[in-house]
Amino acid sequence: MKESYDFKSIEQKWQKVWEEKDLFHVTEDESKKKFYCLEMFPYPSGKLHMGHVRNYSIGDVVARFKVMNGYNVLHPIGFDSFGLPAENAAIKNGSHPAVWTSSNIAEMEHQLRQMGFSYDWDREVCTYKEDYYKWMQWIFIRFWEKGLAYKKENPVNWCPSCATVLANEQVVDGCCERCGAVVTKKKLSQWYLKITDYADRLLDDIDKLEGWPEKVKTMQRNWIGRSEGTEVDFTLKDSGIKMTVFTTRVDTIYGVTFMVISPEHPLVDELIKGYPQEEACRAYIEQAKRQTDIERTSTTKEKTGQFTGRYVINPATGKEVPLYLADYVLMGYGTGIVMGVPFGDQRDFEFATKFGLDIIPVIDPGRDDIDIDNLTAAFEAEGTMINSGKYNGLNNVEAIKRMQEDFGAQGFARNTTNFKLRDWLISRQRYWGCPIPMVYCDDCGWVPEKDENLPVLLPTDVEFTGKGESPIATSKTFVNTVCPRCGKPAKREVDTMDTFLDSSWYFLRYCDASNAEEPFSRKKAAYWMDVDQYIGGVEHAILHLLYSRFFTKVLYDIGMCDVEEPFRNLLTQGMVLKDGSKMSKSLGNVVSPEEIINRYGADTARLFILFAAPPERELEWSDKGVEGSYRFLGRVYRLIYDLAEDTKGIPAVFRVETDDDRQLNRILNTAVKRVTDDISKRFNFNTAISAVMELVNEMYRYKSLDDVNLGLLRDAAEKLVLLLAPFVPHICEEMWEGLGFNEPVYKQPWPQYSEDALAMDTIEIVVQINGKVKEKLNVAAGLSKEEFTQTVMSDDRVKALTEGKNIVKAIAVPDKLLNLVVKG
RNA sequence: GCCGGCGUGAUGGAAUUGGCAGACGUACCGGACUCAAAAUCCGGCGGUGGCGACACCGUGCGGGUUCGACCCCCGCCGCCGGCACCA
């Protein structure tokens with residue numbers, strides 16, 4: 001141990017030692033409790049940014065803490081390395097995406113090692129490599145066999161700038177999640193995964209995710225969007241065609257005054273043919289088509305529509321009502337036809353108002369402040385049924401049940417559930433992704449490639465122009481093949497998979513990363529799964545986290561893994577800000593981790609980022625704060641350096657004799673307790689670190705006293721190093737060695753605290769008069785309520801305070817306070 | 001519009017869940033060391049009034065519950081996320 005804190009040589013030295021000792025390598029060990037600590041793997045964009053540093057620093061504290069607490073810890077890392085940026089770089093530089101990707105990975109691996117994260121590098125997973133995407137394809141074929149993958153022509157979200165289709169989840173406010181271009185609609189034949197088959201389970205099992213933030217669970221619930229209701233068959237007048245609607249409010253069926261059908265509905269063409277309104281209808285359909293999703297779905301937009309000339313018969317009342325086209329009805333949800341109840345639905349209310357349609361009150365709110373004959377908005381709350389035939393007088397919620405039963409028995413209605421969740425569109429018209437291992441044969445249709453022929457390799461003879469669709473189609477060697485079933489000439493699928501498939505099971509591959517026989521062994525996955533702690537950005541709340549849950553359930557169902565939910569506990573870390581806004585190149589407020597590592601070292605970077613804010617909150621970057629963290633490490637280093645000398649050969653056994661001894665010992669034990677609790681129960685690393693700072697301050701104070709107990713100081717020094725080890729591992733290894741130990745601090749048992757040491761003989765308590773603090777006194781700790789009150793009341797200063805006053809009441813909280821309620 | 005979250009000194013944030021508001025850090029001020037500076041060590045630091053012991057005010061705003069409220073309840077305001085014509 002050198003006299004001054006030379007972070008550069010210390011960090012290099014210990015990173016080398018860790019690597020040589022292969023310290024972070026783990027294997028399955030049935031004799032130990034396992035802990036799977038996982039951080040979301042990065043996209044290899046080139047260099048680490050502060051968001052990565054924060055994410056991985058948090059994970060590293062947890063992983064190292066669990067190791068010290070005796071767990072067998074799996075802490076892996078890899079790269080989510082297919083995707084558009086590599087392809088764009090290839091177009092720009094004329095090189096292959098693999099070149100760009102692998103050099104970026106090399107750079108980022110180097111930086112991750114520089115940060116001193118405790119990864120088992122032997123398990124590194126890179127999704128662009130053949131040994132990974134082979135199994136991706138293999139899994140895709142299992143989905144196909146289960147009927148969970150299909151190809152279908154549909155209007156899809158198309159990003160003109162990325163020249164590819166997008167999943168619903170990737171469209172944000174009508175724009176491309178990646179590039180921000182306005183998304184258009186295009187009719188294309190595309191591959192889908194049937195995530196909707198799992199909608200119920202994905203929704204119901206959210207309740208089991210006790211270790212997830214409420215916010216993320218709510219977002220997933222909303223996204224899946226289950227709503228239970230009734231399908232009711234209306235009938236088209238003069239034709240008998242069934243016009244089925246979905247409603248959650250069947251109780252308002254007597255209030256139906258019109259019907260609305262989506263302009264894209266396949267029935268529309270037939271409905272309008274030959275009617276006087278046909279031409280107007282066709283014009284309306286055309287203009288609806290021209291609108292973007294943003295225009296179309298804006299709630300502020302005034303309702304538009306067009307009467308079709310047709311009428312529909314209400315099966316409950318026998319009444320006929322006019323049928324309109326209106327673009328506020330979405331083809332993709334429910335049946336694409338809606339019963340119009342202006343009384344009970346705000347959208348229908350606006351529509352009826354605009355087109356002069358009747359509003360029939362069907363529920364009596366029983367309130368004076370609402371005039372149901374002159375509504376200004378729809379009435380959407382509960383009440384008593386009116387104008388509804390034999391249902392009059394019932395509570396409307398009760399009426400829903402009765403109507404469902406009655407209408408069901410009469411054969412024109414049934415209970416149904418609808419979801420907002422759509423099937424997952426997974427084909428992408430891009431090169432740099434996992435090829436979809438399907439072959440089209442004129443005789444056999446779509447056939448999966450044989451397992452023994454996997455992987456279907458990405459061809460290398462492809463032109464990157466960035467213009468055409470599906471670059472793989474330009475390969476001369478790829479497309480033509482033979483049908484895996486009948487052997488006749490056939491063509492391969494030229495689209496690649498959405499990269500979100502790659503990241504939907506990588507956590508399983510980590511359990512058995514080099515398996516050449518299967519994606520992962522069930523036994524090894526059974527040992528490690530589920531992930532005990534998952535850490536990453538909240539931006540993945542729906543996309544990645546929902547898809548991974550879906551994959552895990554499917555793999556569970558086909559007997560490949562033993563858990564139904566992949567992530568037991570989830571921590572979503574906040575963003576790193578500079579000057580109040582997100583670090584970004586365009587704002588020019590980026591602080592690079594590299595810069596900080598070179599100037600202050602990895603330990604300082606880690607410490608600052610953990611100390612500046614609790615992990616879930618946003619973190620405001622502060623250069624001054626970084627310096628403070630650096631100063632603190634220097635302060636600790638000097639303290640241990642001195643104590644290593646002063647306490648050489650002195651065992652960490654001691655007697656606590658003086659008041660100062662007791663105080664140091666108490667603060668030491670408090671620090672152990674707080675750091676332990678703050679890491680394991682609350683993830684409040686900032687307060688954990690502040691407890692250590694208090695200990696350091698106290699050690700400096702104690703050290704300068706005349707009468708010091710070196711055994712006690714020795715004990716404090718050792719525990720101090722152990723407490724800091726998960727946060728700042730390099731400096732702690734150095735100090736641990738400096739204290740004379742040979743084994744790495746990484747493997748040391750976590751320090752324990754003693755309850756006795758935490759206890760104080762006397763405690764400063766507060767005396768309040770009418771809730772205001774008036775006096776502080778020291779009294780013996782651990783008194784009963786009566787003894788406590790007695791002791792405090794008999795104190796002269798308290799007597800003086802209450803002199804001549806009438807004590808109405810005394811509230812005693814032993815060891816804390818006595819509040820006297822006085823009058824006069 | 002609906003659903004979350006947040007609002008505390010100059011500043012990042014504490015207050016382990018109803019019991020001393022402002023821990024710890026930054027900034028700032030002062031002292032020690034130094035020829036000097038840096039580094040380091042020690043001390044001060046919510047506001048107003050007072051030489052002072054002390055008094056009053058103070059956790060976005062207005063009410064309430066309670067002996068006691070940053071914390072619980074009601075009504076607002078502001079900021080940040082997410083969802084949004086889902087029938």
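In the text below, chain A, chain B and the rest are named by the order of the sequence lines, each starting its count at 1. Computed from heavy atoms alone, side chains included, the values below leave out hydrogens, waters and symmetry copies.
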Base of B:rC85 paired with side chain of A:Lys303 (donor-acceptor, under 3.5 Å): yes
Touch check for [X], heavy atoms < 4.0 angstrom, all strands: base, sugar-phosphate only, or nothing?
X	answer
A:Lys816	sugar-phosphate
A:Val329	base
A:Asn697	sugar-phosphate
A:Lys776	base
A:Arg638	sugar-phosphate
A:Phe632	nothing

Non-neighbouring partners of [X] that pass side chain to side chain donor-acceptor pair (under 3.5 Å), sequence neighbours left out:
X	result
A:Tyr641	none
A:Asp660	A:Arg701
A:Lys2	A:Asp6
A:Asn418	none

Contacts of A:Lys703 that satisfy salt bridge (Lys or Arg N to Asp or Glu O under 4.0 Å) - sequence neighbours left out: A:Asp642
Salt bridge (Lys or Arg N to Asp or Glu O under 4.0 Å) partners of A:Asp795, counting only residues at least two apart: A:Arg797
Donor-acceptor under 3.5 Å (A:Arg682 side chain, A:Asp677 main chain): no
Donor-acceptor contact below 3.5 Å, side chain A:Lys354 vs main chain A:Lys303: yes
B:rA87 phosphate, OP1 or OP2, under 4.0 Å from A:Ser227 side-chain N/O: yes
Separation of atom CZ in A:Phe788 from atom C1' in B:rG19, rounded to whole Å: 11 Å
Please write out each protein N/O paired with an N/O of nucleotides 65-70 of chain B under 3.5 Å, distance rounded to 0.1 Å.
from: B:rC67; atom 1: OP1; to: A:Lys809; atom 2: NZ; distance (Å): 3.4
from: B:rC67; atom 1: O2'; to: A:Asn819; atom 2: ND2; distance (Å): 3.3
from: B:rC67; atom 1: O2; to: A:Asn819; atom 2: ND2; distance (Å): 2.4

Paired and unpaired positions of RNA chain B as dot-bracket, Watson-Crick or G-U wobble under 3.5 Å, | denoting a partner strand: (((((((..(((......[....))).(((((.......))))).((((....))))..(((((..]....))))))))))))....
Residues from residues 613-622 of chain A lying under 4.0 Å of RNA chain B - heavy atoms: A:Pro614, A:Arg617, A:Glu618
Where do N or O atoms of nucleotides 27-32 of chain B meet protein N or O atoms at under 3.5 Å, pair by pair?
from: B:rA27; atom 1: OP2; to: A:Arg631; atom 2: NH2; distance (Å): 3.3

Donor-acceptor list for residues 327-340 of chain A side chains, cut-off 3.5 Å, not counting sequence neighbours:
from: A:Asp327; atom 1: OD1; to: A:Lys301; atom 2: NZ; distance (Å): 3.4
from: A:Asp327; atom 1: OD1; to: A:Thr304; atom 2: OG1; distance (Å): 3.4
from: A:Asp327; atom 1: OD2; to: A:Gln291; atom 2: NE2; distance (Å): 3.3
from: A:Asp327; atom 1: OD2; to: A:Lys301; atom 2: NZ; distance (Å): 2.8
from: A:Tyr328; atom 1: OH; to: A:Asp348; atom 2: OD1; distance (Å): 2.8
from: A:Tyr333; atom 1: OH; to: A:Ser227; atom 2: OG; distance (Å): 2.9
from: A:Thr335; atom 1: OG1; to: A:Thr244; atom 2: O; distance (Å): 2.6
from: A:Thr335; atom 1: OG1; to: A:Ile337; atom 2: N; distance (Å): 3.3
from: A:Thr335; atom 1: OG1; to: A:Ile337; atom 2: O; distance (Å): 3.2

Pairs satisfying ring pair (Phe, Tyr, Trp, His ring centres under 6.0 Å), at least one member in residues 606-626 of chain A, at least two apart: A:Phe608-A:Trp621
